[in-house]
Amino acid sequence: MIVRVQTEPFDLATEVARLYRDKPKVGAVASFLGLVRDSNEGDGVHTLTLEHYPGMTEKSLEGIGREAFARWDLLDATIIHRIGTLHPTEPIVLVAVASGHRGEAFAACEFIMDYLKTRAPFWKKETTPEGERWVDAREHDDIAAGRWAT
Amino acid sequence: MIVRVQTEPFDLATEVARLYRDKPKVGAVASFLGLVRDSNEGDGVHTLTLEHYPGMTEKSLEGIGREAFARWDLLDATIIHRIGTLHPTEPIVLVAVASGHRGEAFAACEFIMDYLKTRAPFWKKETTPEGERWVDAREHDDIAAGRWAT
Amino acid sequence: MKLKILYFARLRERFGLGSEALDAPAGVDDLAGLVAWLRQRGPAWAEELAPDRPYRMALNQEMATPESSLKEGDEVAVFPPVTGG
Amino acid sequence: MKLKILYFARLRERFGLGSEALDAPAGVDDLAGLVAWLRQRGPAWAEELAPDRPYRMALNQEMATPESSLKEGDEVAVFPPVTGG
């Protein structure tokens, strides 16, 4: 399993090929690419800046990957997340999973993305014509938030 | 939407980039690569030869794609299936789907693969140390088979 | 009634036939009738097209059912369950 | 008890603070207690860390709950719900 957090772009073909090249047990590679869009909630997005928690980020991504390996019969996986300032149409995240059969590859790839979206310490800030703003979490998880009431 | 049936290899990076390059509404690309494995049901596989039904194949893949566009809010999709003789670790099929958000891209990509596996007229023949054999369908759909009883 | 029939994969090999132009007799008016008629061609046909075998059929390049009606000039295909992907 | 505290994203900007070394008073022995103590620092702290705000915390780089116990030298992080991917 490869986990990387980086400013630089990544190369999809290289990353996916690494999961199946010379690996004749691999029958399926499911992958997901997340990209910067030019609009969010109606406003134009000029740039997107990703902040993260160095140290915890890598640990959480490795934990997410291990959890996927525990749940499904996987042969390999790659998780790459970019940080810093990105522009519309630029890739943000790649999750690619290799398995013998497609069902496990799909399930694990989607699981890792869902988990990453709610557990990995990344935060997005958008620059729009109206200025800068932090992106709100899509899941307004009031129950979890309420656990912090003291 | 692009649908191709071809003998030649395809280039994953080119195909996926075409789905998001200069398309700033695309936030998610889910893709699936199916590959030749070196074993099946315990026997070694030397080569895999794919036969198809020219004409119907393209129609059925286009129909599968249209069905996915009708079900989910997709921005683009690519379905490429190879025919002829392939070796272990070679890609057989690519399905890639672009959407605004990941849920739709994942669902549509898996839907197209499931549908392709049961509806598109391709047949695999394996060469193993024991000789040639046609690959059996995984789904022994006796109900559908029974409909042919007269 | 003139029909074009195509065979694929294991059925193509077993029948030693990839395609043929047929003139189906009166009374053969749907796929079920066509299959019943093809079964009479000999042991390989009777065996592979027996009611309990998992073959599939397409009519004019669309998946079809035994009830699908035939008309002059139709293209029919008979094949094993598909295994692509 | 000496602790290292990190703030991220909107909270980092609001507090004007990325990280700090703190010496928490006696009685602060879990994350809930730490947050209650931080709220007394001023209006921004009271508002952002109010019980109805959706902030999250990590203890030694693992997601944590209000009941998580603190010990000397722990690294605590306070941040908004994550939005990566």
Side-chain angles (χ1 to χ4, degrees), chain B residues 5 32-36 40 48-64 79-83 86 91-95 110 112-126 132-150, chain C residues 4-15 17-19 24 27-40 44-70 73-85:
Chain B
V5 178
F32 178 82
L33 205 56
L35 304 132
V36 183
N40 189 23
L48 189 70
T49 300
L50 278 133
E51 175 172 332
H52 77 129
Y53 180 174
M56 180 173 168
T57 318
E58 293 80 357
K59 271 191 207 175
S60 73
L61 296 180
E62 279 156 18
I64 291 166
I79 306 174
I80 302 175
H81 202 296
R82 292 177 69 192
I83 51 172
L86 304 172
I92 304 167
V93 63
L94 169 68
V95 173
E110 190 159 15
I112 291 171
M113 275 306 304
D114 287 349
Y115 217 82
L116 185 156
K117 282 263 186 186
T118 53
R119 306 280 295 182
F122 293 101
W123 299 274
K124 284 174 178 159
K125 188 187 217 174
E126 297 172 337
E132 291 188 341
R133 67 181 181 199
W134 289 98
V135 175
D136 276 332
R138 293 193 129 216
E139 298 75 19
H140 294 285
D141 195 343
D142 293 328
I143 295 164
R147 300 203 310 152
W148 289 101
T150 52
Chain C
K4 181 181 179 185
I5 322 266
L6 302 164
Y7 305 96
F8 291 100
R10 198 192 66 247
L11 296 186
R12 174 180 54 72
E13 289 187 342
R14 191 77 203 283
F15 300 153
L17 194 60
S19 70
V28 170
D29 52 13
D30 61 14
L31 292 183
L34 176 64
V35 168
W37 182 60
L38 291 172
R39 273 189 209 116
Q40 300 169 15
W45 299 81
E47 187 190 322
E48 292 290 349
L49 301 179
D52 63 342
R53 295 305 298 267
Y55 57 88
R56 299 285 185 272
M57 296 181 85
L59 178 59
N60 298 321
Q61 306 192 350
E62 304 270 1
M63 297 296 266
T65 67
E67 297 75 28
S68 301
S69 297
L70 286 168
D74 276 345
E75 178 176 306
V76 175
V78 192
F79 44 75
V82 305
T83 55

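Contact annotation: the side chain of B:Glu51 never approaches that of C:Glu13 to less than 4.5 Å [non-hydrogen atoms, C-beta and beyond]. Looking at heavy atoms from C-beta onward, C:Pro80 lies in side-chain contact with B:Trp123 at the 4.5 angstrom threshold.
The number of heavy atoms from other shown groups lying within 6.0 Å of CD (C:Glu62) does not exceed 12.
Looking at B:Lys124, both its backbone and its side chain come within 4.5 Å of chain C, counting heavy atoms on both sides. For a residue to count as touching a neighbouring chain, one of its non-hydrogen atoms must lie under 4.5 Å from one of that chain's; by this rule B:Arg133 does not touch chain C.
Considering CD of B:Glu126 and OG1 of C:Thr83, their distance stands at 9.0 Å, rounded to 0.5 Å.
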Go through the steps for C:Met63 and B:Met56 under the test side chain to side chain contact (heavy atoms under 4.5 Å, CB included), then give the verdict.
-> CA-CA 9 Å; C:Met63 297 296 266; B:Met56 180 173 168; 3.5 Å; yes
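With sequence neighbours left out, C:Asp29 forms a side-chain contact (heavy atoms from CB on, under 4.5 Å) with no residue at all. With sequence neighbours left out, the side-chain contact (heavy atoms from CB on, under 4.5 Å) criterion links C:Ala50 to C:Asp52, C:Arg53.
Between C:Gly85 and B:Ile92 the shortest heavy-atom distance is O-CD1, 4.2 Å.
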